[in-house]
**Q** 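Shown below is the structure under consideration.
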Amino acid sequence: MKSFGGLEALRGVGFAAEAGELLAVIGPNGAGKTTLLSILAGILDADGGEVEVGARAVGWVPQQAALYRRLTVEENLMLFARLEKHEDPAASVAEMLELTGLGERRGEIVARLSGGNQQRINIAIGLLARPGVLLLDEPSVGLDPRQRARLWEFVSGLAGGGTTVIFSTHDIQEAERYGDRMLVLADGEALFDGSAEELREAVRSEAPEAADRDFETAFVAYLHHRGH
Amino acid sequence: MRWLLLKDLQILRRSPLQAALLVLYPVLIAVLVGLAISGGPERPRVALLNEVPDNARVSLSGTKLPSANVQRRICSRVECVHVHSRQEAVAKVESGDVLAALVLPEDLVNKINSLSTLAPGTPKVEVLVNESDPLKAAAVDDRIEALLAQANLALAKRIAVEGGKYLNLVIKGGNLPVLAGAVHVLGLQASARILEAIEPALPRGPLRAALSEVTEFATQASENLDIAGPLINRLAQPIRVEKVAVGGSAPPLETFAVAVAATLTLAFVAVLLVAGSLALEREENAYPRLTRGLVSTEALLGEKILLGVAVGLVVTVLMLAGLQIFVPLEWGRFGLWLAAIVVGGASLAAAGAALGAAAREVRAVSLLAFMVTLPVAFLSLVPSGTVGAGLYDVIKLIAAIFPFKPALEALTAALEAGNGSLGAPLLHLAILGVAYALIARLALRRFARV
Ligand SMILES: Nc1ncnc2c1ncn2[C@@H]1O[C@H](COP(=O)(O)OP(=O)(O)O)[C@@H](O)[C@H]1O
Ligand SMILES: [Mg+2]
C-alpha cells in the first residue's frame with residue numbers, strides 16, 4: 001500500500017517471485033509500477049504491507065539512468081564497484097564491460113553515449129551489487145530494436161544464472177515475450193497475476209469483442225472492461 | 001567517502017567552464033581589490049612655480065625650516081610639474097596639461113617670517129586654475145584649499161606662540177629684541193608694584209586717588225591678560241579633534257581589503273561548489289542509488305563539505321599568495337589563516353549544502369547560491385551609521401545568520417595581530433555550520449527521495 005497525499009498509488013498488491021524467474025510488471029503510465037519497484041528496492045517506504053527478500057542483495061535499476069554523465073563509462077563503474085566495497089573493483093569493472101559489450105568505449109564520457117548504451121551502464125551499475133533479485137524499471141524505454149534484443153538476451157542470461165528479475169514495462173508484447181509471469185497493474189491495483197497464456201485467456205473471456213484483434217488492442221479493451 | 005570525493009574532483013575537472021568560473025571570478029575580485037588598494041585615487045597634476053630663494057628659511061617662534069620642506073609637502077599631495085616662469089605655468093594650465101598652477105612668490109618666506117614680528121605682512125600664494133572641467137576644478141580647489149588650510153593652521157599655531165610671548169612681555173616684562181639689540185619692557189605687574197609703592201608717598205587728594213585707579217588697572221590688566229594667553233593659543237585651532245576608538249579597533253584598510261577578497265573567494269567557491277555538487281547528485285538521479293545502502297546521507301553531506309573546504313582552501317591560499325604582490329602578508333601566521341579558512345570554509349560549505357538540498361537542478365541551485373551569497377556579502381560589508389538604526393539591525397541579523405561575516409572576521413583576525421579575537425568568530429562559524437548541516441540533512445531526507 002502506498003499513498004501520495006490523497007492519491008492511492010498502490011492498493012493491496014501482493015505477489016511472490018521464485019529464484020531465476022522473470023516477472024513482468026505491466027501497466028499503463030501512472031499505474032504504480034515505479035512506486036512498486038521503489039518499495040521493493042527500499043527507496044520508498046510502504047504505508048502498509050511488507051517486503052521479504054532472500055539473503056542476497058536487491059539490485060535496483062531506476063527508470064531514469066542514475067549515473068554521472070560527466071564521467072567515463074569506466075569511472076562510473078569503478079566508483080560504484082568501490083562503493084559496493086568489491087575486493088577487486090578493477091576485475092568487477094572488467095566483468096561489467098564484458099557483460100555490457102562496452103569494453104571498447106570504456107574511456108568515453110557517458111553523456112556522449114546513446115540512450116541505449118547509457119541504459120546498459122545503468123543496468124551494469126545495478127548488477128554491481130551482485131543481487132539475488134534485480135529490479136529493472138522500464139529498462140527498454142528509448143532503445144532501438146537491436147539494442148532491445150541485446151538487452152533481453154543479457155537479462156535472460158542473468159535469470160538463467162539464478163537471478164530473480166522483476167522488470168516493469170508498458171509494452172504488453174515485450175512482457176509476453178520475455179516475462180515468465182506477468183503482474184498487471186492499473187491505477188495501483190493488481191488486476192492479474194499469471195502466465196502469458198493465462199492472461200490471453202483472461203482477456204478473451206473479459207473482452208470477447210476484441211479477442212480477434214492483436215493482443216495489445218485486446219489488452220486495452222480488457223483494461224477498459226475492468227474499469228481502467 | 002574518498003571515492004565520492006575523487007568522483008567530484010573528476011567531474012570538476014571535466015567541467016572546465018564551471019571550474020574556470022569558480023576560480024576566475026574570485027581572482028577577478030582579488031585583482032580589482034588589489035588595484036583598488038595599490039592605486040588609490042589619482043593625484044592631480046599641478047604646475048609649481050617656486051620663486052622662493054633656496055636659502056630662505058621659515059623661522060617662527062625659534063624653529064627654522066628650509067623652504068624646500070614646503071615644496072616637498074605640497075608635492076606629496078599633488079603631482080608637481082616644476083615650471084620656471086609664470087608664463088610657462090599659465091600655458092600648462094591653459095593647455096590642460098596640468099589642472100592648476102601654484103605660484104610661490106619670491107617674498108613668501110619673508111612675509112611668513114614677518115608674521116611673528118611687530119610689523120606682520122600678508123603672505124600670498126597664487127593659484128591658477130582652468131575651470132573648463134568643473135568636476136576636476138572642484139577637485140583641485142578642494143586639494144589646494146586643504147593644503148592651504150593645513151599650512152595656515154601650522155603657521156597660526158606658531159604665530160599664537162609668538163603672540164603669547166609678546167603678551168607675556170607686556171604682563172611680566174622682559175627684553176624685546178629690536179633691530180640693533182634689545183629694549184627693556186617693564187611689564188604691567190612690575191608697573192603695578194612700583195605704583196603701589198609710590199602711592200603712600202603722595203599726599204591724600206585727587207592725585208593719589210588717580211594713582212590708585214591706575215594701580216588697580218595695572219593689577220587687573222595683568223591678571224586678565226594672563227588668561228588671554230591660552231585664549232590666543234586656542235584661537236589657532238578652535239576645535240581640537242580627539243579620536244577615541246569605541247567598540248573594536250578597525251584593522252588597517254589594506255588587511256581588511258585582503259580579508260574581504262579572500263573571504264569572497266572562499267564563500268563563492270565553497271557555497272557554489274557544494275550547492276551545485278549536491279544538486280548534481282539529484283540531477284543525475286544518483287542520490288537514491290547512493291543512499292540505498294552505499295552511503296549515508298550524513299556521509300554524503302560530509303563529503304560535500306570536505307570538497308568545499310578542500311577546493312576553497314586551495315583557491316583561497318592561491319589568492320592570498322597573489323595578493324602578496326599588492327600587500328605584504330604575515331606568512332608566519334599561516335596556521336591561524338588555515339584555522340580561519342578551514343572553519344569558515346566548512347561553515348560556508350554547510351550553508352551551500354542547505355541550498356543545494358533545496359532543488360535538484362544544478363543551474364537553479366547555482367543561481368540561488370549566487371543570489372544569496374552576493375547580497376549577503378555586500379550586506380555584511382555595510383558599515384554601521386550609513387543606514388538607519390532599524391535597518392542596520394536587520395542587516396546585522398542577516399549578516400549573523402550567514403557564515404560570510406563571521407568568516408570575514410575570523411580571517412581578518414587571523415591575517416594580523418590586533419584585529420580582534422579569532423575565537424569568537426570561529427565559535428560563531430561552528431554553530432552556523434552545524435545548524436546548516438542539520439538543515440541540509442533534513443531537506444535531503446524530506447525532498448530528495450524518489
Ligand atoms: N513522489 C510522488 N508524489 C506524488 N505522486 C506520485 C509520486 N510518485 C508517483 N506518484 C503518482 O503515483 C502514481 C503512480 O506513479 P508511478 O508508480 O510512477 O507509475 P508508473 O511507473 O506505472 O508510470 C501516479 O499517478 C503518479 O503521479
Ligand atoms: Mg514508471
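Just so we're on the same page: letters track the sequence lines, and every chain starts at 1.
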**Q** Is a donor on one side and an acceptor on the other found under 3.5 Å between the side chain of Arg82(A) and the backbone of Trp3(B)?
**A** no

**Q** Might you point out which heavy atoms bring Arg70(A) and Ser15(B) nearest each other, and give the distance in Å?
**A** NH1-OG, 2.9 Å

**Q** Is Thr35(A) close to chain B through its backbone or its side chain, or both, or neither, when contacts mean heavy atoms under 4.5 Å?
**A** neither

**Q** Testing the basics here: between Glu283(B) and Arg69(A), what is the closest heavy-atom pair and its distance to 0.1 Å?
**A** O-NH2, 3.6 Å

**Q** Contact part of Leu280(B) toward chain A, heavy-atom cut-off under 4.5 Å: side chain, backbone, both or neither?
**A** side chain

**Q** With only heavy atoms counted, which part of Ile125(A) is less than 4.5 Å from chain B, the side chain, the backbone, both or neither?
**A** both

**Q** Nearest 0.5 angstrom please: Leu6(B) CG to Leu79(A) CG, how far?
**A** 8.0 Å

**Q** Less than 4.5 Å apart, any side-chain heavy atom of Val61(A) and any of Arg289(B)?
**A** yes

**Q** Can you say whether Leu83(A) sits under 4.5 Å from chain B via the side chain, the backbone, both, or neither, judging by heavy atoms?
**A** both

**Q** Between CG of Leu71(A) and NZ of Lys7(B), what distance do you get to the nearest 0.5 Å?
**A** 7.5 Å

**Q** So which part of Glu75(A) gets closer than 4.5 Å to some heavy atom of chain B, the side chain, the backbone, both or neither?
**A** side chain

**Q** Distance from Leu294(B) atom CG to Phe80(A) atom CZ, nearest 0.5 Å?
**A** 7.0 Å

**Q** Output the distance between atom CG (Asn285(B)) and atom OH (Tyr68(A)), rounded to the nearest 0.5 Å.
**A** 10.5 Å

**Q** Which one of Pro62(A), Ala65(A), Ala66(A) has the most heavy-atom pairs closer than 4.5 Å to chain B?
**A** Ala66(A)

**Q** Is the shortest side-chain heavy-atom distance between Gln10(B) and Thr72(A) below 4.5 Å?
**A** no

